[in-house]
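We number each residue from 1, following the sequence as shown. As the structure lists them, so they are numbered: ligands from 1, and atoms in each ligand from 1.
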Amino acid sequence: MIKNILRLYFIMGSMNTQENDPLDVLEKALQGGVTCFQLREKGVASLQGQEKYSFAEKCMKLCQTYHVPFIVNDDVELALALNADGIHIGQEDEAAALVRKKIGPEKILGVSVHNVEEAFLAQKAGADYVGIGPVYTTSSKEDARIPAGTKVIEQVAIQYPNLPIVGIGGLTEGNLVPVIRAGGAGVALISAIASSQDPRNQAKQLRDKIEQVLEKERFPSEHA
Ligand code: FQP
Ligand code: MG
């Protein structure tokens with residue numbers, strides 16, 4: 001069930017972990033309870049070619065050890081070469097329908113959307129889930145759009161109740177609750193975990209918080 005893997009969706013590239021070893025950060029995040037991982041290797045000084053492939057392969061093997069899906073951002077050829085679990089693309093990347101055709105029906109396809117119309121088209125093109133954001137201000141993406149809060153998440157959740165949504169952008173343990181309340185299946189984030197000096201504990205705190213909120217959403221009367 002796709003919804004379950006979106007609960008705590010960790011995104012990272014080799015340049016997101018400051019002085020810490022990215023593979024070590026990833027392993028600790030996995031131990032702390034992240035439910036999905038996306039390799040987002042981009043920006044200045046990011047790995048290219050064989051180095052990128054080799055790093056990606058190491059990330060994927062770690063994810064397999066912890067039985068957590070491994071998704072590749074943007075790079076469809078890399079996802080196919082590695083036999084990754086899925087691919088995530090945005091509105092400025094390859095067309096979703098074409099990517100679905102390239103990866104076949106089984107692999108996970110995630111698409112970034114910013115409104116109900118884009119969500120409709122993404123689902124039609126074969127998306128398994130949509131990423132909606134930025135919810136808050138983010139420092140992890142150079143070309144990020146203006147923060148939009150949780151309004152679009154709410155609209156898409158109402159229009160397309162069967163399309164799993166993950167919120168993204170500036171999310172922390174302290175501000176994630178509205179994303180779940182709006183109908184998000186979970187939260188995606190980079191820095192809250194990648195910039196932490198204790199990524200295992202940070203991931204655990206985030207996961208606990210999300211489980212707590214999801215439980216409240218399911219049985220509101222028991223938490224009155
Ligand atoms: N949502 C998600 C996910 N992952 C992402 N990488 C994005 C949104 C952003 O193409 P995009 O996708 O707009 O920008 P970039 O390729 O720079 O990340 F839902 F998975 F959390
Ligand atoms: Mg992209």
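Annotation: side chain of H88 is not in contact with side chain of V111 (no heavy-atom distance under 4.5 Å). At a threshold of 4.5 Å between non-hydrogen side-chain atoms, the residues L171 and V179 count as touching. By the 4.5 Å heavy-atom criterion applied to side chains, I132 and V166 are not counted as neighbours. Counting heavy atoms from C-beta outward, D74 and K42 have side chains that approach closer than 4.5 Å.
For ligand 1, the atoms closer than 4.0 angstrom to any heavy atom of V166 are 3 (C), 19 (F), 21 (F). Listed by atom number, the atoms of ligand 1 under 4.0 Å from G131 heavy atoms are 1 (N), 19 (F). Those atoms of ligand 1 that come under 4.0 Å of a heavy atom in K42, given as number and element, are 15 (P), 16 (O), 17 (O). Close approach of ligand 1 to I11 (heavy-atom distance below 4.0 Å) involves ligand atoms 4 (N), 21 (F).
With Q202 as the fixed residue, the side-chain contact (heavy atoms from CB on, under 4.5 Å) test singles out one of L189, I193, V25, T172: I193.
Scanning all heavy atoms of the two residues, the minimum distance from A188 to I11 falls at CB-CD1, 4.1 Å. Of all heavy-atom pairs spanning M60 and A84, the tightest one is SD-CA, 4.0 Å.
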Q: Take D75 and K52, measure what salt bridge (charged side-chain N to carboxylate O under 4.0 Å, His left out) needs, and give me the verdict at the end.
A: CA-CA 11 Å; D75 193 338; K52 181 182 179 185; 2.9 Å; yes
**Q.** Step-by-step salt bridge (charged side-chain N to carboxylate O under 4.0 Å, His left out) determination, K102 to E77
**A.** CA-CA 9 Å; K102 284 187 185 177; E77 312 317 319; 3.3 Å; yes
(Q) Checking I190 against R40 for the side-chain contact (heavy atoms from CB on, under 4.5 Å) test, could you report, in this order, the C-alpha distance in whole Å, the side-chain angles of both residues, the deciding distance, and whether it holds? (A) CA-CA 9 Å; I190 300 178; R40 183 175 177 274; 4.1 Å; yes
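Considering backbone and side-chain atoms alike, G90 places an N or O below 3.5 Å from some N or O of ligand 1. Residue-to-ligand polar distances keep Y9 apart from ligand 1: every N/O pair is separated by 3.5 Å or more. Residue-to-ligand polar distances keep Y129 apart from ligand 1: every N/O pair is separated by 3.5 Å or more. Inclusion of Q91 in the set of residues having an N or O under 3.5 Å from an N or O of ligand 1 is not warranted. For a threshold of 3.5 Å applied to N or O pairs, the pair formed by D143 and ligand 1 contains no separation below that value. Checked by distance only, ligand 1 and D74 come closer than 3.5 Å through their nitrogen or oxygen atoms.
Note on E92: not counted as a metal contact of the Mg ion (ligand 2), no N/O/S atom lying under 2.8 Å.
In D93, the part holding a heavy atom less than 4.0 Å from any atom of ligand 1 is the side chain.
Nearest non-hydrogen protein atom to atom 13 (O) of ligand 1 is S112 OG, 3.7 Å. Taking atom 6 (N) of ligand 1 as the reference point, the nearest protein heavy-atom neighbour is Q38 OE1, 3.0 Å. Considering only non-hydrogen protein atoms, atom 14 (O) of ligand 1 sits nearest to K141 NZ, 2.9 Å. The nearest heavy-atom contact from the protein to atom 21 (F) of ligand 1 is A188 CB, 3.0 Å.
Here the shortest heavy-atom distance to atom 3 (C) of ligand 1, taken over E142, R40, E92, H88, belongs to H88.
Restricting D74 to its N/O/S atoms, the shortest distance to the Mg ion (ligand 2) is reached by OD1. Checked against the Mg ion (ligand 2), the N, O or S atom of D93 at the shortest distance is OD2.
Aromatic ring orientation, Y129 versus Y9: perpendicular (interplanar angle above 60°, classes split at 30° and 60°).
Between K28 and D198, none of the side-chain N atoms (NZ, or NE/NH1/NH2) sits under 4.0 Å from a carboxylate O, so this pair counts as no salt bridge.
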